[in-house]
Amino acid sequence: MTHPDVLAPAKLGPITLRNRIIKSATFEGKTPNALVTDDLIEFHRRPAAGGVGMSTVAYCAVAPEGRTEYGQLWMRPEVVPGLRRLTDAIHAEGAAASAQIGHAGPVANAKSNGLPALAPSPSFNPMSMKVTKAATLDDIRRITAAHADAARFAIEGGFDAVEIHFGHNYFASSFLSRKTNHRKDSYGGSLENRARIVRETALAVREAVGDRIAVLAKLNMDDGVPGGFWIDEAIQVAQWLEADGGLDALELTMGSSLLNPMYLFRGDAPVYEFAQAMTQPLVKFGVKAIGKQFIRNYPYEPLFMLEQARQIRAAVKMPLVLLGGVTDKAGMDTAMAEGFEFVAMARALLREPDLINRIAEDERTKSLCIHCNKCMPTIFSGARCVLVERAS
Ligand SMILES: Cc1cc2nc3c(=O)[nH]c(=O)nc-3n(C[C@H](O)[C@H](O)[C@H](O)COP(=O)(O)O)c2cc1C
């Protein structure tokens with residue numbers, strides 16, 4: 001074999017994973033009081049028992065206004081004992097635990113949070129039907145520092161890694177894009193200015209954690225939005241992040257949760273199910289009326305991010321995680337042969353949390369996920385594959 005064995009242990013910064021397969025963040029919707037629940041623990045225990053090298057706890061917001069909705073976990077002292085129970089359960093199954101830390105920025109639901117959402121420039125959020133405020137320089141400083149604090153809470157909570165969210169047009173990623181960033185100060189305009197926030201955030205987190213845990217970032221390669229962040233700019237940003245030395249790996253992603261959500265998934269657009277999941281009548285009506293234009297369909301392909309990710313691979317030496325349509329051993333081997341150090345998987349592990357063990361037993365095992373994407377709207381009621389019968 002000329003490439004690394006995806007099922008063999010591998011170093012990720014200061015930690016060693018039992019294999020090169022990471023369960024990527026899938027917002028769980030299992031924290032109604034913004035605290036860890038037994039359901040959340042079980043959600044991560046299962047892929048850990050099922051063989052992944054590391055499970056990523058989705059969306060641990062760094063500040064209360066940075067939650068996509070009120071019930072989301074945000075990193076504060078009260079959450080630490082629950083996080084300990086969660087990471088203990090993951091560790092007991094032999095996997096490592098990563099916390100995705102981030103600020104939802106313009107994707108935050110200001111109505112649900114009861115706090116204004118913040119973005120590089122004012123924008124409209126159709127989920128909350130509210131206008132998002134432009135972040136002041138004080139907001140930027142506070143949010144950058146909050147990422148460092150969140151990483152410290154993650155260490156107290158027993159995590160082995162944090163993954164900083166620089167994708168999907170959340171706070172940091174919406175600064176990267178010309179389409180969403182119209183600022184005239186040192187955080188807007190040139191790419192250097194638009195990238196300032198991701199670079200400062202990565203370094204602030206690294207400074208806070210030293211080499212006690214691994215630090216990854218989930219970085220957009222392109223937003224899939226005309227006039228938005230594109231691969232040529234992403235290559236430069238990846239090179240800056242590598243040169244700054246704050247990160248142990250980049251997980252490569254794409255798309256915009258607000259402007260082009262299906263671009264990051266591919267496959268069927270679950271418009272009907274989305275409308276059903278909305279509780280506010282006006283939003284439900286809006287999704288039904290114009291959902292088909294907004295939630296556009298993109299054909300699904302295995303390894304659908306590979307073409308862009310290859311360009312980043314050619315431009316940096318730092319470890320990269322290939323995400324998007326990785327569902328079987330053949331895809332994992334392709335990722336290794338293409339020079340990626342890790343793979344990340346989301347939907348296939350929602351469908352079958354024990355998929356990795358089954359692939360390890362028989363490498364011809366195929367995933368049962370049909371990328372119908374009906375798991376997406378379940379984030380509002382407890383993330384799950386709708387093809388799997390509910391335990392309760
Ligand atoms: C139900 C669901 C929830 C998701 N929540 C998050 C999230 O909280 N944070 C994030 O960065 N990505 C999230 N994603 C995106 C996945 O991490 C991943 O980028 C995407 O599904 C593509 O990977 P896949 O082809 O292996 O499914 C979510 C995906 C799904 C299906």
Side-chain angles (χ1 to χ4, degrees), residues 21-31 40 43-44 47 52 54-61 66-69 71-73 98-105 107-108 162-173 216-221 224 250-257 260-270 273-274 277 298-306 308-309 321-328 331-332 335 342-353 355-356 367-388:
I21 304 158
I22 299 171
K23 189 212 163 290
S24 76
T26 49
F27 178 55
E28 301 89 353
K30 293 176 187 294
T31 50
L40 181 73
F43 184 87
H44 287 279
V52 299
M54 180 157 80
S55 192
T56 308
V57 178
Y59 217 73
C60 304
R67 294 171 288 179
T68 56
E69 55 161 66
Q72 198 157 50
L73 273 191
S98 176
Q100 181 176 62
I101 57 172
H103 190 289
V107 187
V162 288
E163 173 186 285
I164 317 169
H165 209 319
F166 291 159
H168 307 167
N169 280 180
Y170 283 32
F171 189 68
S173 143
L216 301 89
K218 188 166 182 175
L219 177 69
N220 256 25
M221 297 183 287
L250 282 175
E251 180 180 351
L252 302 170
T253 189
M254 49 176 57
S256 166
S257 293
N260 197 358
M262 290 313 294
Y263 195 69
L264 65 113
F265 295 101
R266 314 298 162 101
D268 305 335
E273 290 77 8
F274 245 114
Y298 287 91
Y300 174 86
E301 281 176 65
L303 306 187
F304 58 86
M305 298 195 204
L306 181 57
Q308 283 93 331
V321 185
L322 184 70
L323 169 73
V326 179
T327 62
D328 61 10
M332 294 171 188
F342 297 92
V343 293
M345 300 166 65
R347 288 166 292 181
L349 292 172
L350 281 183
R351 177 75 176 91
E352 297 164 280
L355 184 59
I356 307 310
S367 160
L368 296 176
C369 174
I370 55 167
H371 33 86
C372 65
N373 293 320
K374 290 185 179 157
C375 52
M376 283 173 60
T378 67
I379 59 172
F380 301 107
S381 57
R384 64 191 185 280
C385 171
V386 300
L387 303 174
V388 177

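Computed from a prediction, not measured in an experiment: that's the story for all the values here. Both counts, for ligands and for their atoms, begin at 1 and track the order of listing.
Close approach of ligand 1 to K218 (heavy-atom distance below 4.0 Å) involves ligand atoms 10 (C), 11 (O), 12 (N), 16 (C), 17 (O), 19 (O). Listed by number with element, the atoms of ligand 1 under 4.0 Å from a non-hydrogen atom of H168 are 10 (C), 11 (O), 12 (N). Close contacts between ligand 1 and M345 involve ligand atoms 26 (O) [criterion: under 4.0 Å to a heavy atom]. Numbered from 1 in the order shown, with element, the atoms of ligand 1 that lie under 4.0 Å from a heavy atom of S24 read 16 (C), 17 (O), 18 (C). Taking every heavy atom of A58 and a limit of under 4.0 angstrom, the matching atoms of ligand 1 come to 8 (O). Residue contact check: F27 has heavy atoms under 4.0 Å from atoms 3 (C), 4 (C), 5 (N), 6 (C), 7 (C), 8 (O) of ligand 1. Near H165, meaning under 4.0 Å from one of its heavy atoms, ligand 1 places the atoms 9 (N), 10 (C), 11 (O).
F265 has its side chain out of reach of H371: every pair of non-hydrogen atoms, C-beta onward, lies at least 4.5 Å apart. A heavy-atom distance below 4.5 Å is not found between the side chains of K218 and Y170. Using a 4.5 Å heavy-atom cutoff, the side chains of Q72 and F27 are in contact. Counting heavy atoms from C-beta outward, L73 and C60 have side chains that approach closer than 4.5 Å. Counting heavy atoms from C-beta on, the side chains of H44 and V57 come closer than 4.5 Å. M332 has its side chain within reach of I21: a pair of non-hydrogen atoms, C-beta onward, lies under 4.5 Å apart.
In terms of modelled atom types and a separation under 3.5 Å, the side chain of N373 and the main chain of D268 share a donor-acceptor contact. Side-chain atoms of Y59 come within 3.5 Å of backbone atoms of H103 as a donor-acceptor pair (strictly under, hydrogens ignored). One N or O on the side chain of T378 and one on the backbone of R384 form a donor-acceptor pair closer than 3.5 Å.
No part of T327 comes within 4.0 Å of ligand 1, judged by heavy-atom distances. Residue-level proximity to ligand 1 for C375 is carried by backbone and side chain together, each with a heavy atom below 4.0 angstrom. Contacts between I379 and ligand 1, counted as non-hydrogen atom pairs separated by less than 4.0 Å, involve the side chain only.
Looking from atom 20 (C) of ligand 1 to the surrounding protein, the closest heavy atom is L264 O, 3.9 Å. Of all protein heavy atoms, the one lying nearest to atom 29 (C) of ligand 1 is F265 CE2, 3.2 Å. The nearest protein atom to atom 26 (O) of ligand 1, hydrogens excluded, is given as A346 N, 2.8 Å; this is a heavy-atom distance.
Residue-to-ligand polar distances keep L323 apart from ligand 1: every N/O pair is separated by 3.5 Å or more. Between Q100 and ligand 1, at least one N/O pair is under 3.5 Å apart. The N/O atoms of R347, backbone and side chain alike, include one that comes under 3.5 Å of an N/O atom in ligand 1.
Because its NZ or CZ atom is both nearer than 6.0 Å to the ring centre of Y298 and within 45° of the ring axis, R266 counts as a cation-pi partner of that residue.
Each of T327, L368, V388 was evaluated against E352; a single residue qualifies, L368, per the side chain to side chain contact (heavy atoms under 4.5 Å, CB included) test. Here the options are P261, S256, S257, the test is side chain to side chain contact (heavy atoms under 4.5 Å, CB included), and the partner is N169; only S256 passes.
The shortest separation from a heavy atom of R266 to ligand 1 is not under 4.0 Å, leaving the residue out of contact. Not a single heavy atom of A348 sits closer than 4.0 Å to an atom of ligand 1. Distances shorter than 4.0 angstrom occur between a heavy atom of G324 and an atom of ligand 1.
By heavy-atom distance, the residue among C60, A25, P377 lying nearest atom 6 (C) of ligand 1 is A25.
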